[in-house]
Peer 1: 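Sharing a structure here in structure tokens format.
As the structure lists them, so they are numbered: ligands from 1, and atoms in each ligand from 1.
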Amino acid sequence: MLAFLRIRSVALPAGNIRVLSSKLLSTKNGTDSIGSRSESTKAHYDIIIGGGGLVGTTLAAALSSNPTLADKKVLLLEGAPEFKGFDPAGPYQNRVSAINKNSIELFKSIDAWSHIEAARYKPVKQMQVWESNTDALIQFQHDNFASDVACIIENDLILDAVYAKVKDAPNVEIQNKARIQCVRLPKDSQSQLSELELQDGRTFSCDLLIGADGANSVVRKEMGVDVFSLNYERMGLVATLDLGDDACDNSVAWQRFLPTGPVALLPLTDRLSSLVWSTTNEQAKKLQCLPPNEFVDALNEAFCRQYPRVELADKAVQALNTFFGHNATQHQVQYPPKVCGVKEKSRATFPLGFLHASSYVCSGAALVGDAAHRIHPLAGQGVNLGFSDVRYLVECLAAGAYAGFKLGDKQHLIKYERKCLKKNVPIMLGVHGLHTLYSTDFSPVVLFRSLGLQLTQNLPPIKNLFMRGAMGQ
Ligand SMILES: Cc1cc2nc3c(=O)[nH]c(=O)nc-3n(C[C@H](O)[C@H](O)[C@H](O)COP(=O)(O)OP(=O)(O)OC[C@H]3O[C@@H](n4cnc5c(N)ncnc54)[C@H](O)[C@@H]3O)c2cc1C
């Protein structure tokens, strides 16, 4: 019934939305009266960003530091309580991201990179990705590209860096515990405004509403765009791992494709690494509850265990290496450092899926980050795509403001969408394709993917092309 009322509320003409939802709240809480939600609580902003995660907060920082948009009044609404900040002397966190060169350039352009640099991050100098059913592998080194493969940064540190920029910005206001309940978008942004109501009944209007509210975006639902989504029925298990006293120069990212999904180690310090282990829901839950020593054994085994070989694919990989004049040792799998321990309470699981909105814009609204697209973490691209949305959207809004377009003008916002689709769709299809290819041990598929991986390893121009794409160059 509640859901029905909410759906009905967005279909009503302007003005009614607030009253009907307030009625709903009063029914729900039994305390509120319609009259107490007076018009004086309804505030207007040029731009409202719904969702203050990594992408929404970075967008707010980027809008505030763009000189053409400096006169725009921006509101950032975040459903969660206020961000508590990041302690660079504190323990390492379990949520980290592999951040590519383009994203680092964005942080530099909004003067947030120095904040991260002064705290802590780990450059990845090399990467090895390998199979479990054959000897196929691919290795990347930073000297091939004259820059690091990626940087591993804790999510809360990124948030801390961009949050500091937003807090200092005179034209941006942040409201926490501000969960958007319903949205009403205009048919025509030339004459009408976007409106929204929070769970606590407060209402706002704006020229442009930006949905940065994650994969279950309320803004996207109201935009009425088609969404293609898949539940991978897999979880990503994260944890902070101790490599022990013997570890040194830990600067390699390791990823092995197991029959259940990829397991990856990302360096944090010489002694610590971060784990992203994508596996079946059942195994993820089991691994999360294992006693620490058993968990560490299972993890070490995952990197070293011999899985049933696909002989034909193995022979094909060897033949390919011989054809390119490499001997067996040149393309031999290296093994990651042995894991010695898992940090207490650092294990957590996240559901994995694929989602893509058919359109990122409509009159009066636009989507960024996971609200528009969500991908498997196997290539470490999800939030990097979100940061590239931020760059394209700010460029588009600045150009539009300069040329005299209204902020919510769909005809102008479409330019943002086109740029994003051109960048995001090939990466998303590539990542989804890899997930699909590696989700089976059907021999012809193993043969095909092993040859593809080894061919890429043997052909530096193709390898560099892939790597430059992943690095955001
Ligand atoms: C295990 C794992 C590992 C990953 N590793 C990488 C990696 O190495 N590199 C990489 O690029 N990507 C990685 N990703 C992907 C990356 O984490 C996401 O793409 C990124 O967090 C999305 O950020 P976002 O701000 O768009 O969305 P979210 O993080 O979902 O943030 C949305 C925000 O909106 C708020 N919100 C939601 N609804 C409302 C509402 N109604 N009203 C107000 N606020 C609301 C939420 O509280 C939240 O703060 C990984 C993902 C997983 C699961």
Peer 1: Check each atom of ligand 1 against the heavy atoms of Ser97 and keep those under 4.0 Å away; list them by number with element.
Peer 2: 7 (C), 8 (O), 9 (N)
Peer 1: So that I know where these two stand, are Tyr163 and Phe83 an aromatic pair - ring centroids less than 6.0 Å apart?
Peer 2: yes
Peer 1: Distance to 0.1 Å, residue and atom name: give those for the protein heavy atom nearest to atom 37 (C) of ligand 1.
Peer 2: Asp213 O, 3.3 Å
Peer 1: Within the 4.0 Å heavy-atom shell around Gly214, which atoms of ligand 1 are there?
Peer 2: 27 (O), 30 (O), 32 (C)
Peer 1: If the plane angle is over 60° it's perpendicular, under 30° parallel, otherwise tilted; pick one for His356 and His373.
Peer 2: parallel
Peer 1: For atom 10 (C) of ligand 1, find the nearest protein heavy atom and state the residue, atom name and distance (0.1 Å precision).
Peer 2: Val383 N, 3.3 Å
Peer 1: Identify whether the distance between the nearest side-chain nitrogen and carboxylate oxygen of Glu131 and Arg449 falls below 4.0 Å.
Peer 2: yes
Peer 1: For Asn155 and ligand 1, does the shortest N/O to N/O distance drop below 3.5 Å?
Peer 2: no
Peer 1: Where does the angle between the aromatic ring planes of Phe107 and Phe387 fall among parallel (under 30°), tilted (30 to 60°) and perpendicular (over 60°)?
Peer 2: perpendicular
Peer 1: If only atom types and distance count, is the side chain of Thr260 paired as donor or acceptor with the main-chain N or O of Thr280 below 3.5 Å?
Peer 2: no
Peer 1: Can you tell me which portion of Val218 lies within the under-4.0 Å heavy-atom range of ligand 1? Options are side chain, backbone, both, or neither.
Peer 2: side chain
Peer 1: Before signing off on this row, confirm whether Gly380 and ligand 1 have an N or O atom pair separated by under 3.5 Å.
Peer 2: yes
Peer 1: Ser103: heavy atom below 4.0 Å from ligand 1, yes or no?
Peer 2: no
Peer 1: What are the atoms of ligand 1, with element, lying closer than 4.0 Å to any heavy atom of Val238?
Peer 2: 1 (C)
Peer 1: Contact between Ala212 and ligand 1, counting heavy atoms under 4.0 Å?
Peer 2: yes
Peer 1: Can you confirm whether some protein heavy atom lies under 4.0 Å from atom 29 (O) of ligand 1, or whether none does?
Peer 2: no
Peer 1: If you have a sec, work out which protein heavy atom is nearest atom 31 (O) of ligand 1 and how many Å separate them, to one decimal?
Peer 2: Gly53 CA, 3.8 Å
Peer 1: Which residue and atom name correspond to the protein heavy atom nearest atom 34 (O) of ligand 1, and how close is it?
Peer 2: Gly51 CA, 3.3 Å
Peer 1: Taking only residues two or more places apart in sequence, or in another chain, which ones meet Leu243 in a side-chain contact (heavy atoms from CB on, under 4.5 Å)?
Peer 2: Ala247, Asn250, Ser273, Pro337, Val339
Peer 1: May I ask you to identify, for Ala98, whether its side chain, its backbone, both or neither come under 4.0 Å of ligand 1 on a heavy-atom basis?
Peer 2: both
Peer 1: Would Gly382 count as being in polar contact with ligand 1, using the rule that some N or O on each side must be under 3.5 angstrom apart?
Peer 2: yes
Peer 1: If you measure from the Lys or Arg side-chain nitrogens to the Asp or Glu carboxylate oxygens, is any gap between Arg391 and Glu105 under 4.0 Å?
Peer 2: no
Peer 1: Consider only side-chain N and O atoms of Glu173 and Tyr45, and report whether a donor and an acceptor are under 3.5 Å apart.
Peer 2: yes
Peer 1: Verify, without hydrogens or angle tests, whether Gln139 (side chain) and Gln126 (backbone) share a donor-acceptor contact under 3.5 angstrom.
Peer 2: no
Peer 1: Any Lys/Arg nitrogen of Lys177 or Glu82 sitting under 4.0 Å from an Asp/Glu carboxylate oxygen of the other?
Peer 2: no
Peer 1: If you take the nearest heavy atom of each of Ala178, Ala348, Pro377, which one is closest to atom 3 (C) of ligand 1?
Peer 2: Pro377
Peer 1: Would you say Ser132's side chain and Phe257's backbone share a donor-acceptor pair under 3.5 angstrom?
Peer 2: yes
Peer 1: Give the contacting part of Ser217 toward ligand 1: side chain, backbone, both or neither, where contact means a heavy-atom distance below 4.0 Å.
Peer 2: neither
Peer 1: N/O to N/O below 3.5 Å, does that happen between Gly79 and ligand 1?
Peer 2: yes
Peer 1: Closer than 4.0 Å to some heavy atom of Leu54 - which atoms of ligand 1 meet that?
Peer 2: 25 (O)
Peer 1: Measure Arg374 to ligand 1 on non-hydrogen atoms and call it side chain, backbone, both or neither using the 4.0 Å cut-off.
Peer 2: neither
Peer 1: With heavy atoms of Gln381 as the reference, note each atom of ligand 1 found under 4.0 Å away.
Peer 2: 10 (C), 11 (O)
Peer 1: Which protein heavy atom lies closest to atom 17 (O) of ligand 1, and at what distance to 0.1 Å?
Peer 2: Arg95 NH2, 3.4 Å
Peer 1: Do any N or O atoms from the side chain of Asn384 and from the backbone of Ile99 form a donor-acceptor pair under 3.5 angstrom?
Peer 2: no
Peer 1: What protein heavy atom sits nearest atom 25 (O) of ligand 1, and how far away is it?
Peer 2: Val55 N, 3.1 Å
Peer 1: Which atoms of ligand 1 are found less than 4.0 Å from any heavy atom of Asp370?
Peer 2: 18 (C), 19 (O), 22 (C), 26 (O), 27 (O)
Peer 1: Give me the nearest non-hydrogen protein atom to atom 35 (C) of ligand 1 as residue plus atom name, then the distance to 0.1 Å.
Peer 2: Glu78 OE1, 3.3 Å
Peer 1: For Arg220 and Val225, run side chain to side chain contact (heavy atoms under 4.5 Å, CB included): C-alpha distance rounded to whole Å, both residues' side-chain angles, the deciding distance at 0.1 Å, then the answer.
Peer 2: CA-CA 7 Å; Arg220 186 188 68 230; Val225 295; 3.7 Å; yes
Peer 1: For the 3.5 Å polar cut-off, considering only N or O atoms, please tell me whether Val368 and ligand 1 meet it.
Peer 2: no
Peer 1: Any atoms of ligand 1 less than 4.0 Å from a non-hydrogen atom of Gly369? List them with their elements.
Peer 2: 26 (O)
Peer 1: So, using side chain to side chain donor-acceptor pair (under 3.5 Å) as the criterion, who are the partners of Ser217 when residues are at least two apart?
Peer 2: Asp213
Peer 1: Between His376 and Tyr232, how do the two ring planes meet: parallel, tilted or perpendicular, split at 30° and 60°?
Peer 2: tilted
Peer 1: Which residue holds the protein heavy atom closest to atom 42 (N) of ligand 1, what is that atom called, and what is the gap in Å?
Peer 2: Ile180 N, 2.8 Å
Peer 1: Could you please spell out the steps behind the side-chain hydrogen bond (donor to acceptor under 3.5 Å, both in side chains) verdict for Asn94 and Thr240?
Peer 2: CA-CA 5 Å; Asn94 59 1; Thr240 309; 6.0 Å; no
